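Take a look at the structure set out below.
In listed order, ligands and their atoms are each counted from 1. All values below were derived from every heavy atom in this structure, side-chain atoms included, with hydrogens, water molecules and symmetry-related copies excluded. All figures in this text were calculated on a predicted structure; none of them were measured in a lab.
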Amino acid sequence: MAHPYHHAMSSQKRWGGSLDDTMAIHEWFDASKLILADFRHRALRHHAEGVFMAETLFGKTITLSSGRMIPTRWIGEQHVREDLGRIPSFADWARAIRPEPWMGRTERHAITIEDRGEP
Ligand SMILES: [Zn+2]
């Protein structure tokens, strides 16, 4: 599954209501395509923390146009499962990142004992 529209169709089939009821949530999950056009964009939001972030942004529940109230988390879990087959943690994604020297670079602090006025 690739497009928010298809995820919204799946949500409608599962829980009723209209496509617009869940479209914004599915669009939020896939908005990371703006910064990376291939599947690696999913590392930003397609994980357990992303599902909980959606809940923070869209509320703990949404009310469908049918009047039915459902947990927002259900929509996020559906989206991630449809794309990845499971709900990974962010740690799963991080383990797939090949470490580069610049990632661990730290500035040397120029402050010395003399700068702090200590003997
Ligand atoms: Zn997606």
> What angle sits at the Zn ion (ligand 1) between NE2 of His79 and OD2 of Asp83, to 10°?
Replying inline: 100°
> Are His46 and His79 linked by a side-chain donor-acceptor pair shorter than 3.5 Å?
Replying inline: yes
> Do any of the N/O/S atoms of His7, backbone or side chain, fall under 2.8 Å from the Zn ion (ligand 1)?
Replying inline: no
> Using links of under 4.5 Å between side-chain heavy atoms of ILVMFWY residues, direct or through other members, which residues join Met69 in one cluster?
Replying inline: none
> Side chains of Ser89 and Glu49: donor-acceptor distance under 3.5 Å anywhere?
Replying inline: no
> Do you know which N/O/S atom name in Asp30 is closest to the Zn ion (ligand 1)?
Replying inline: OD1
> Should side-chain heavy atoms under 4.5 Å link Ile, Leu, Val, Met, Phe, Trp and Tyr, which residues sit in the same cluster as Phe29?
Replying inline: Trp15, Ile25, Trp28, Val51, Met53, Leu57, Phe58, Ile62, Leu64, Ile70, Trp74, Ile75, Val80, Leu84, Ile87, Phe90, Trp93
